Amino acid sequence: MNNRLVKSGFKAFALTSVLALGIAGCASSTTESASTEEEDTSAETTEEAPAEDGLRIAIMPKAINIGYFSAWDEGAQKACEELGASCDYIGPNEATGPAQVQFINQVIQEGYDALVISAADQNAIVPALEEAAAAGITIVTSDADVAPEAADARLVSILPSAADRIGTAEVDWVAEEMGEEGSVAILSAAATAANQNIWIEAMGPYLEETYPNMSWAGGSLESAVFYGDDDPTKSVEQFNAILAQYPDVGGIIAPTTVGVLAAAQEKKAKGVDVAVTGLGLPSEMAPYIEDGTITKVGLWNPIDLGYVGVYAAVLGHNGEFDGSVGSTFMAGETSYEVVDGGIAFLGDPFTFTIDNIATFKEIY
Ligand code: RAM
């Protein structure tokens, strides 16, 4: 029933574009992270061809060690190369607002021209972003936005697709596997992450209205949500906390690549009888789809998300795009339009099953 979410036209386009990106590779990047661990404190720099007159852009993930963001950065670096920009992949080891703020301050101090950021916390980073904007830095959120009331803190937000499509699709995936019966819990990222929160909000009423024999664990959406903070260890702990609190839970939706990977690993390790689905990176989820631990996960193309974010930032910085509702910009061959809320959407998520995982796992 969720097939309506996979439009063949989009699928063909995205696959082609991803393959093209994959072949082109990326030119230069700097990786920096804040950590007390020795190996993480040093900045690793491979500057092959820094742009002479090009812009200097910071590409900041929620946390630098999440595989999804490596794919996002791959797209960003590809756009940087096409646009002659010099781009540094920089950010914290833990996906929290305060940790990101330290790096935003560094971006201000070092006088970057633009910042493309996935907000780990929809509120905590806003003052730092405002300071950055006041210093002339063009800000684009990509993947996860700031709170709607703080939309003026950035030029535009590049998001995968409308929240309700992502949220309701995940409910359909878990329902399909549970035979449309039983209770469901959610293993999310951080309680402060705008992207997961808007998807979860859309899941709540949809499950109740669409599946009369299904319910949220504990009786309400609120009681069903657990937060693993996009940290692998905490996500495993929270997976087990769900099972301890709701031993009869029939399904777990993890709308985070970190959470769904942790859930699949732990489901397999413990041999737990619970349906697990969510938003998974095909390259990380392939072993669990191939061995039958998981039947289906979905995701958009994070490479495209990073790519489009950099185009918006560069065009915005150069005064060729103002981010207003109704305005458009080109990223590569594709035109994007800004809709209400100052957002440009990428397209619908793909689903990955045993039928296509072999192809997708090679791409991202
Ligand atoms: C994790 C992050 C990211 C989200 C994906 C689905 O990698 O939380 O923000 O978009 O999952």
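Both ligands and their constituent atoms are indexed starting at 1 by order of listing. Note that the structure is a prediction, hence the values are computed from the model and not measured.
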Handout entry: For atom 8 (O) of ligand 1, the option (of Asp230, Ile166, Thr256) bearing the nearest heavy atom
Key = Asp230
Practice task
State, to 0.1 Å, how close Leu299 and Gly280 come at their nearest heavy-atom pair, and which atoms those are.
Solution key: CB-O, 3.4 Å
Practice task
Please indicate whether any nitrogen or oxygen in Asp143 is less than 3.5 Å from any nitrogen or oxygen in ligand 1.
Solution key: yes
Handout entry: Polar contact flag for Trp199 and ligand 1 (N/O pairs, less than 3.5 Å)
Key =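 Such a contact does not occur with ligand 1.
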Handout entry: Minimum side-chain heavy-atom gap Val276-Trp173 below 4.5 Å
Key =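 They are not in contact (no side-chain heavy atoms under 4.5 Å apart), so the answer is no.
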Exercise for the section: Flag the pair Leu346 / Val308 as yes when at least one side-chain heavy-atom distance between them is below 4.5 Å, and no otherwise. Expected result: yes
Exercise for the section: Output the list of atoms in ligand 1 that are nearer than 4.0 Å to some heavy atom of Phe69, sorted by atom number. Expected result: 3 (C), 9 (O)
Practice task
Show which atoms of ligand 1 fall inside a sub-4.0 Å distance from at least one heavy-atom site of Ile66.
Solution key: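 Every atom of ligand 1 under 4.0 Å from some heavy atom of Ile66: 7 (O).
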Exercise for the section: Inspect the contact between Glu110 and Arg56 and indicate whether a charged nitrogen and a carboxylate oxygen are less than 4.0 angstrom apart. Expected result: yes
Exercise for the section: Output yes when a side-chain donor or acceptor of Asn197 lies under 3.5 Å from a complementary backbone atom of Ala191, and no otherwise. Expected result: yes
Fill in the blank from the handout: d(Ile200 CD1, Ile166 CD1) to nearest 0.5 Å is 12.0 Å
Completion exercise
Note: Val258, heavy atoms under 4.0 Å from ligand 1, region reported as neither
Handout entry: Protein heavy-atom partner closest to atom 7 (O) of ligand 1 - residue, atom, separation in Å
Key = Thr257 OG1, 2.7 Å
